[in-house]
Visitor: 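Take a look at the following structure, please.
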Amino acid sequence: MVRVRFAPSPTGPLHIGGVRTALYNYLFAKHNGGEMILRIEDTDQTRYVEGAEEYIMNSLEWCGMKFDEGIREGGKFGPYRQSDRKDIYAKYAQQLIDNGSVYMAFDTPEELNELRAAAEKEGKTFIYNFSTRGSLRNSLSLSKEEVDELIKNGTPYVLRFKVPENRILETHDEIRGDITFNTKEMDDKVLMKTDGLPTYHLANIVDDHLMEITHVIRGEEWLPSLPLHILLYEAFGWEHPKFAHLPLILKPSGKGKLSKRDGDQLGFPVFPMQFNNNGEMCKGYKEDGYFPEAFINMLALLGWNPGTDQEIFSMDELIKEFTIERVGKSGSRFDPDKTKWFNHQYILKKSAKDVAELFRKDLDARGIDYSKYDIVRICELMKERISFIHEMWDETRFFFETPTQFDEKFKKKACKEDTAEVMTTLVSILEKCESFDPHTTEEAVKTWIEGNEWGFGKVMSPFRLAIVGEGKGPSVFDMIEVIGKEETLKRIKNLIAVL
RNA sequence: GACGGAUUCGUCUAACGGUUAGGACGGCAGCCUCUCACGCUGCAAAUAAGAGUUCGAUUCUCUUAUCCGUUGCCA
């Protein structure tokens, strides 16, 4: 049974990259008939952000991902919040103490900072490992008596992992293939902090083992920690899961990981939903009018591809097609334009009826009275022109509102000296139309135009100007059917009045 | 700096060692048309550089370059 987990930290809203990591985990699990677990990694209480945990769960739910186990779902491997698992970590830390895999270190953060600063001055990096641990304050360098004394005095200490001195570690990544590390480059990482809570490394390994995780799919930023994690599994005598490190999502232009700043500068959200982070408002895709399906579709294709030309995928199709083998190795630049295109595709896919339902909500929110109008028909006419529901109003407001002014540029182009006369005749022709369906009106008007051997523009352009107020919109005959005879005649007369 | 990863059109990407290096976004042009969009058609646009292996390299190896990540008692 494949079991994967998504394990975010509740340090703020969930970033796009995190959503994609969750998505790939989810797709991988479901493709293989496996289970997906949500675990909250909140071992750093200094970075805890109120509401972030809820936000993460709500966002993933909005995206359409369902967890088999987690804080809301429960499950037999809980608790699923690391801060609720302190006792478990203490127990396993003791196991490492007992088998000599870790040692106590009494160095203060200040002391270490000084050492790091000093090393940096010389262009070097301070590493806490076999080469330095002998000269630092820890249970390896100090005598048993000194250590006992320090502990008796309540001197705070951390537990560090004793990394072997010089071992070539050959590991494997499901995306990148074989990777080798030399343990001499590694740090004796802190596993247990002075506050008694484990660091990510310990908690992560213990939980993944206890929760029977078979595949760890996470961001590439974890790749340097892979040898440590392998060593930890060894120290416990456990078999490690398979690892897959996902490429990063990069800024649309420039260098580095995509950040909130990029979104703010270029005007696109970096988070699935809105989040108020201590007064700092983080924009969300949801609030910007994206469909979760489109958002997920876009994210899925950012770093993964099916090997075919298909680009539009439902969640079920993604589950069917997704494999780790087709995940790319290199980082992907985020493209806000393509994201919009995806949303447009989903508008196109929706029926006019479904779009109408969403549009009605938008109209309600704007306080527009649309009771006299056939909204489904309007959506049928207009939906292909928009990428977002909220764009619909700007594209369609002329249906609901009689134009009060006319676009000068188009008016100049459309109206000649005889236009008033022509429009007056148009009014009389339309008045005679029993039915106002497009076929009837078009037939009547075109017959008249052709009879005079005029170009269509002579009549249609000012006609359009009268109805819309400017030179845009769908077929005039379609529009006048929607607004009705009375309103149509009124609008033409309004134009005549200003000619 | 050290270690690790990566490198195909501007961007996302495809291509059993053999293709005119394909698709999509964006751009440009044309078509459609009563207008504006949509749509359709077309155009421009790439294998980082250099060696090697091979009959043949985008694909395998090495070197260089560039970019990214890590280098915290953060995750």
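Letters A, B, ... mirror the listed sequences (proteins, then strands); counts begin at 1.
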Visitor: Check side-chain hydrogen bond (donor to acceptor under 3.5 Å, both in side chains) between Asn452(A) and all other residues, then give those that pass, not counting sequence neighbours.
Guide: none
Visitor: Can you name the side-chain hydrogen bond (donor to acceptor under 3.5 Å, both in side chains) partners of Asp407(A), sequence neighbours left out?
Guide: none
Visitor: Need one value for Thr180(A): base, sugar-phosphate or nothing, where a base atom within 4.0 Å counts as base even if backbone is also close, heavy atoms only.
Guide: sugar-phosphate
Visitor: When rounded to the nearest Å, what value does the distance between C1' atoms of A51(B) and C12(B) take?
Guide: 32 Å
Visitor: Only pairs at least two apart or in different chains count here, so list each salt bridge (charged side-chain N to carboxylate O under 4.0 Å, His left out) that has a residue in residues 387-400 of chain A.
Guide: Asp394(A)-Arg397(A), Arg397(A)-Glu401(A)
Visitor: Using the C1' atom as the point on both nucleotides, what is the distance between A45(B) and A65(B), in whole Å?
Guide: 24 Å
Visitor: Within a strict 4.5 Å, meaning less than it, do heavy atoms of the Phe436(A) and Leu430(A) side chains meet?
Guide: yes
Visitor: For A15(B), what is the paired nucleotide under Watson-Crick or G-U wobble rules, both distances under 3.5 Å?
Guide: none
Visitor: For RNA chain B, whose closest nucleotide is more 5', that of Leu248(A) or that of Pro474(A)?
Guide: Pro474(A)
Visitor: Under 4.0 angstrom, heavy atoms only, what part of the nucleic acid is Phe456(A) near: base, sugar-phosphate, or nothing?
Guide: sugar-phosphate
Visitor: Which part of the nucleic acid, if any, lies within contact of Leu465(A), taking any heavy atom under 4.0 Å across all strands shown: a base, the sugar-phosphate backbone alone, or nothing?
Guide: nothing
Visitor: Within the pair Arg47(A) and A75(B), is there a side-chain N or O less than 4.0 Å away from OP1 or OP2?
Guide: no
Visitor: Should the pair Lys189(A)-Asp187(A) be classified as a salt bridge under the 4.0 Å nitrogen-to-oxygen rule?
Guide: yes
Visitor: Looking only at atom P, what distance separates A44(B) and G23(B), rounded to whole Å?
Guide: 12 Å
Visitor: Carefully, step by step, assess Tyr290(A) and Phe388(A) under the rule ring pair (Phe, Tyr, Trp, His ring centres under 6.0 Å).
Guide: CA-CA 7 Å; Tyr290(A) 284 88; Phe388(A) 301 96; 4.8 Å; yes
Visitor: Does Thr199(A) contact C73(B) through a side-chain donor or acceptor facing the base, at a distance under 3.5 Å?
Guide: no
Visitor: In terms of side-chain heavy atoms of Pro109(A), which of C25(B), G4(B), C73(B) is nearest?
Guide: C73(B)
Visitor: Which one is paired to A29(B), where only Watson-Crick or G-U wobble pairs with both distances under 3.5 angstrom count?
Guide: U41(B)
Visitor: Assess whether a salt bridge exists between Arg176(A) and Glu220(A), defined as any Lys/Arg side-chain N lying under 4.0 Å from an Asp/Glu carboxylate O.
Guide: yes
Visitor: If we call it a pair only when both distances are under 3.5 Å in a Watson-Crick or G-U wobble match, what pairs with G69(B)?
Guide: C3(B)
Visitor: Closest-nucleotide mapping onto RNA chain B: is Gly457(A) or Asn182(A) further toward the 5' terminus? I mean the 5' end.
Guide: Asn182(A)
Visitor: At 4.0 Å (heavy atoms only), tell me whether Lys124(A) reaches a base, stays on the sugar-phosphate, or touches nothing.
Guide: nothing
Visitor: About how many Å separate CD of Glu293(A) and CD of Gln345(A), when rounded to the nearest 0.5 Å?
Guide: 14.0 Å
Visitor: Given that both distances must come in under 3.5 Å, which nucleotide forms a Watson-Crick or G-U wobble pair with A57(B)?
Guide: none
Visitor: For a quick check of understanding: with a heavy-atom distance under 4.0 Å over all strands, which category does Gly219(A) fall into, base, sugar-phosphate or nothing?
Guide: nothing
Visitor: Only counting residues at least two apart or in another chain, list the ones meeting side-chain contact (heavy atoms from CB on, under 4.5 Å) with Ser330(A).
Guide: none
Visitor: How would you label the contact of Thr43(A) with the nucleic acid (heavy atoms, under 4.0 Å): base, sugar-phosphate, or nothing?
Guide: sugar-phosphate
Visitor: To the nearest angstrom, how far is Lys472(A) atom NZ from A37(B) atom P?
Guide: 11 Å
Visitor: Distance between the C1' atoms of C43(B) and U20(B), in whole angstroms?
Guide: 16 Å
Visitor: Provide the distance between the two C1' atoms, one in U47(B) and one in U7(B), to the nearest whole Å.
Guide: 10 Å
Visitor: Give one of base, sugar-phosphate or nothing for Pro8(A), where a contact means two heavy atoms less than 4.0 Å apart.
Guide: nothing
Visitor: With the sugar-phosphate defined as primed atoms, P, OP1 and OP2, and the base as all remaining atoms, what B/S/- string results for nucleotides 42-47 of chain B, 5' to 3', for protein heavy atoms under 4.0 Å?
Guide: ------
Visitor: Using the P atom in both, what is the distance from U71(B) to A48(B), to the nearest Å?
Guide: 30 Å
Visitor: Please work out if Asp42(A) contacts a base, only the sugar-phosphate, or nothing of the nucleic acid, heavy-atom cut-off 4.0 Å.
Guide: nothing
Visitor: When you measure from the side-chain N and O atoms of Arg464(A) to the phosphate of U33(B), is any distance below 4.0 Å, counting only OP1 and OP2?
Guide: no
Visitor: Need the pair for U63(B). Rule: Watson-Crick or G-U wobble, both distances under 3.5 Å, any strand; none if unpaired.
Guide: A49(B)
Visitor: When the P atoms of G10(B) and A6(B) are considered, how many whole Å apart are they?
Guide: 22 Å
Visitor: Take atom P in A21(B) and the same atom in G30(B), then report the distance between them in whole Å.
Guide: 29 Å
Visitor: Could you walk me through whether Thr132(A) and Leu115(A) pass side-chain contact (heavy atoms from CB on, under 4.5 Å), step by step?
Guide: CA-CA 11 Å; Thr132(A) 54; Leu115(A) 288 166; over 6 Å; no
Visitor: If you look at every strand shown and take non-hydrogen atoms under 4.0 Å, does Lys458(A) touch a base, only sugar-phosphate, or nothing?
Guide: nothing
Visitor: A24(B) P sits how many Å from His344(A) NE2, rounded?
Guide: 15 Å
Visitor: Where the side chain of Ser9(A) is defined as all heavy atoms beyond and including C-beta, which of A75(B), C25(B), C34(B) is the nearest nucleotide?
Guide: A75(B)
Visitor: Parallel, tilted or perpendicular: which describes the rings of Tyr24(A) and Phe322(A), with under 30° parallel and over 60° perpendicular?
Guide: tilted
Visitor: Does Lys350(A) qualify as a cation-pi partner of Phe291(A), given the criterion of NZ or CZ under 6.0 Å from the six-membered ring centre and within 45 degrees of its axis?
Guide: yes
Visitor: Where along nucleotides 10-17 of chain B does protein come under 4.0 Å, by heavy atom, of base (B) or sugar-phosphate alone (S), with - for untouched nucleotides?
Guide: -SSSSS--
